[in-house]
Trainee: 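Encoded as structure tokens, here's the structure I'll be asking about.
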Amino acid sequence: MNYQAIRSIYKFEMARMFRTVVQSIVAPVLSTSLYFVIFGAVIGSRIAEIDGVSYGAFIVPGLIMLAIMTESISNSSFAIYFPRFTGTIFEVLSAPVSYVEVVIGYVGAAATKSVIVGLIIFATANFFVDIKLAHPFVMLLFLVLTSVSFCLFGFILGIWADGWEKLTIVPVLVIMPLTFLGGTFYSISMLPEVWQTISLFNPVVYLISGFRWSFYENADVSVWLSIATTVGFLLLCLLIVRWIFKTGYKLRS
Amino acid sequence: MDSILSISNLSKTYAGGFEALKNVNLEIERGEIFALLGPNGAGKTTLINIVCGIVSASSGKALVNGHDISTDFRKAREVIGLVPQELPVETFESVWNTCTFSRGLFGRSPNPAHIEKVLKSLSLWDKKDSRIMELSGGMKRRVLIAKALSHDPELLFLDEPTAGVDVELRQAMWRVVNELRDSGVTVILTTHYIAEAEQMADRVGIINGGEIILVQEKDSLMQELGKKQLTLNLHEALQEIPSQLSAYKLVLNDEGRELVYTYDTKDERTGITALLGELQAADVRFNDLHTSQSSLEDIFVDLVKRPQ
């Protein structure tokens with residue numbers, strides 16, 4: 001294992017985040033805070049409680065998930081797409097590193113950023129709404145698992161994309177609708193039965209449900225099923241990344 | 001022979017069907033400067049990229065320090081430095097950070113003193129904190145060389161290192177290459193400036209159409225394939241070459257005012273003395289004479305254009 005290489009990639013990527021701190025941290029925190037202000041403080045008081053939780057507090061876990069999923073994908077897809085675009089990827093390909101070191105470096109740094117963003121948003125939310133955190137360790141587990149798996153997904157996207165448009169098309173056309181319809185703003189149990197069944201095919205439902213359980217101990221699906229889905233998605237992404245590096249897909253001609 | 005790079009039966013066919021390399025065999029000796037010459041699209045960069053791990057070979061193998069580039073890639077790659085043909089640089093990074101990153105990527109622990117030495121040798125020290133985007137094209141080329149040297153490579157690939165750089169930088173670059181050679185680094189370079197290869201290289205390889213058509217010591221190549229010409233500026237223009245001189249296969253140029261004799265440098269007898277004697281006998285007088293030797297460029301063009 002080339003630990004120096006992991007350290008170098010990780011440090012390099014983290015330095016990039018601190019150089020672009022407004023875009024990396026301030027922007028997602030600010031945009032998510034606007035949701036707290038509007039749905040929590042302003043109109044939240046006019047919306048009925050859901051499962052005994054005020055609406056403003058109910059949406060916090062979903063909004064944190066929404067932010068870290070979006071950030072994870074954009075951070076890690078950009079981290080690997082940009083070197084491909086500029087050609088600097090040649091150095092990583094010619095270095096004595098296996099895909100394991102490359103993935104730990106890039107995905108590790110992107111996931112660290114996502115966890116930082118998630119925690120800042122959580123801290124910010126406390127200013128606007130009363131939040132109860134029943135299972136902090138489970139909350140952290142979901143935060144880390146989701147960050148890592150969506151960073152892996154973003155990494156795959158960054159390798160698959162051969163233009164800037166493709167890089168943004170998946171987050172906007174796939175992830176955003178899945179997240180909005182995945183129970184960020186409502187409980188699945190509020191939907192008509194047929195839509196409840198359809199929602200169960202949306203993997204994001206399991207993430208948000210499990211994450212919300214760690215706060216308020218109420219969930220749309222079993223927390224174990226949520227953990228299993230997240231780990232399953234993580235393993236699937238790992239297998240795809242392994243395949244990409246074994247075959248050199250879009251990396252080595 | 002102590003080979004640092006040993007390439008055997010290496011072939012590469014790209015997905016589109018283009019055969020970039022055809023059964024290439026090549027041995028590079030430790031410590032030499034090897035110039036790989038070839039026209040555009042000959043396969044030079046593909047060959048370098050396969051050894052460095054950027055392109056996968058279709059068949060054949062390559063050993064670096066005895067380590068297979070695919071099965072033992074870590075050992076093989078850690079001794080290689082690559083300066084690519086294009087200028088792919090981390091635009092927003094500082095010179096110092098990008099070099100430190102390169103060193104770490106190749107598994108070496110941080111060594112600021114070494115990075116400082118490399119940057120100073122390339123006259124980049126005063127630019128160490130500059131962002132790469134602020135540098136000129138020539139400076140960016142230096143940064144790429146500094147990156148490639150940041151992990152003390154034993155085998156350095158320079159792919160068109162002097163393309164688009166000014167004379168001063170080119171000379172500085174060759175000074176660095178000479179210093180590297182003195183410290184035992186093996187250098188493989190491709191260049192379009194054949195005069196450079198002529199000046200720098202110990203051996204020359206010529207690649208065309210994906211095949212190595214020649215590998216030879218530069219000096220013996222120049223001697224073997226180099227032609228010499230004796231040019232005589234005639235006192236009076238000749239209409240035709242006198243018949244008694246036909247054995248010399250002379251050529252008349254410049255409307256009969258210039259007589260050119262081509263001879264082989266390897267021959268014991270060049271025939272110059274005899275020719276001059278016969279010219280006197282034929283009453284062909286001349287004002288001036290000079291000799292010229294074909295350059296590596298002439299040899300290269302001759303070899304590449306020759307039907308395979």
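Just so we're clear, the structure is a prediction, and the values are computed from it rather than from any experiment. First the proteins, then the strands, lettered A, B, ... as listed; each starts at 1. The figures here come from the full heavy-atom set of this structure, side chains too, leaving out hydrogens, waters and symmetry mates.
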Trainee: Which one of V102(A), I6(A), N2(A) has the most heavy-atom pairs closer than 4.5 Å to chain B?
Mentor: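 The answer is N2(A).
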Trainee: Would a 4.5 Å heavy-atom cut-off, applied to side chains only, mark T86(A) and P88(B) as touching?
Mentor: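 In short, these two side chains do not touch, never coming nearer than 4.5 Å.
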Trainee: For K117(B), does the NZ atom sit with more than 12 other heavy atoms under 6.0 Å from it, leaving out its own atoms?
Mentor: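 No, not enclosed.
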Trainee: Against chain B, work out which of A15(A), P83(A), S98(A), A95(A) has the most heavy-atom pairs shorter than 4.5 Å and name it.
Mentor: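 Among the listed options, the one with the most contacts to chain B is A95(A).
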Trainee: Are there residues of residues 141-177 of chain A that reach to under 4.5 Å of chain B by heavy atoms, and which ones?
Mentor: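 Expected list: none.
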Trainee: Do L105(B) and I9(A) have side chains that approach each other closer than 4.5 Å (heavy atoms only, starting at C-beta)?
Mentor: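 Side chain of L105(B) against side chain of I9(A), heavy atoms only: contact under 4.5 Å found.
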Trainee: Counting heavy-atom pairs closer than 4.5 Å to chain A, which one of N49(B), V55(B), V51(B), I69(B) comes out on top?
Mentor: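 Counting heavy-atom pairs under 4.5 Å, the top option is V55(B).
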Trainee: Taking side chain as everything from C-beta outward and backbone as N, CA, C, O, which of these in K12(B) sits under 4.5 Å from a heavy atom of chain A? Side chain, backbone, both or neither.
Mentor: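 Side chain of K12(B) only, per the 4.5 Å heavy-atom cut-off to chain A.
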Trainee: Need one label for F82(A): side chain, backbone, both or neither, based on atoms under 4.5 Å from any heavy atom in chain B.
Mentor: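 For F82(A), side-chain heavy atoms alone lie under 4.5 Å from chain B.
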Trainee: Looking at R16(A) and E90(B), is any side-chain nitrogen of the basic one under 4.0 Å from a carboxylate oxygen of the acidic one?
Mentor: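 Between R16(A) and E90(B) there is no salt bridge, as every charged N stays at least 4.0 Å from the carboxylate O atoms.
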Trainee: Below 4.5 Å, heavy-atom pairs only: which of S109(B), A148(B), A15(B), A76(B) has the largest tally toward chain A?
Mentor: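 If we count pairs closer than 4.5 Å to chain A, S109(B) comes out on top.
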Trainee: Under a 4.5 Å cutoff for heavy-atom pairs, which residue among P84(B), G104(B), S102(B) has the most contacts with chain A?
Mentor: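 Looking at each of P84(B), G104(B), S102(B) in turn, G104(B) comes out on top.
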Trainee: For V92(A), which atoms come within 4.5 Å of any heavy atom of chain B: side chain, backbone, both, or neither?
Mentor: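 Looking at V92(A), backbone and side chain both touch chain B.
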Trainee: Atom OG1 in T98(B), atom CD in E91(A): separation rounded to 0.5 Å?
Mentor: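 Atom-to-atom, T98(B):OG1 and E91(A):CD are 6.5 Å apart.
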Trainee: Any idea which heavy atoms bring F73(B) and V97(A) closest together, and the distance?
Mentor: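 Closest pair (atom of F73(B), atom of V97(A), distance): CE1-O, 3.2 Å.
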Trainee: Is it the backbone or the side chain of Y14(B) that comes under 4.5 Å from a heavy atom of chain A, or both, or neither?
Mentor: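 Looking at Y14(B), just its side chain touches chain A.
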Trainee: Could you have a look at K147(B), R108(B), E93(B) and say which one has the most heavy-atom pairs with chain A under 4.5 angstrom?
Mentor: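 Most heavy-atom pairs under 4.5 Å with chain A: E93(B).
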Trainee: Which atom names give the shortest non-hydrogen contact between F90(A) and L82(B), and what distance separates them?
Mentor: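 Heavy atoms only, the tightest pair is CD1-CD2, 3.8 Å.
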Trainee: Which one, R74(B), E86(B), R103(B), leads in non-hydrogen pairs under 4.5 Å with chain A?
Mentor: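 Option with the top pair count is R74(B).
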Trainee: For R77(B) and S94(A), work out which heavy atoms get closest and say how close.
Mentor: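 So the minimum-distance heavy-atom pair works out to CD-O, 3.2 Å.
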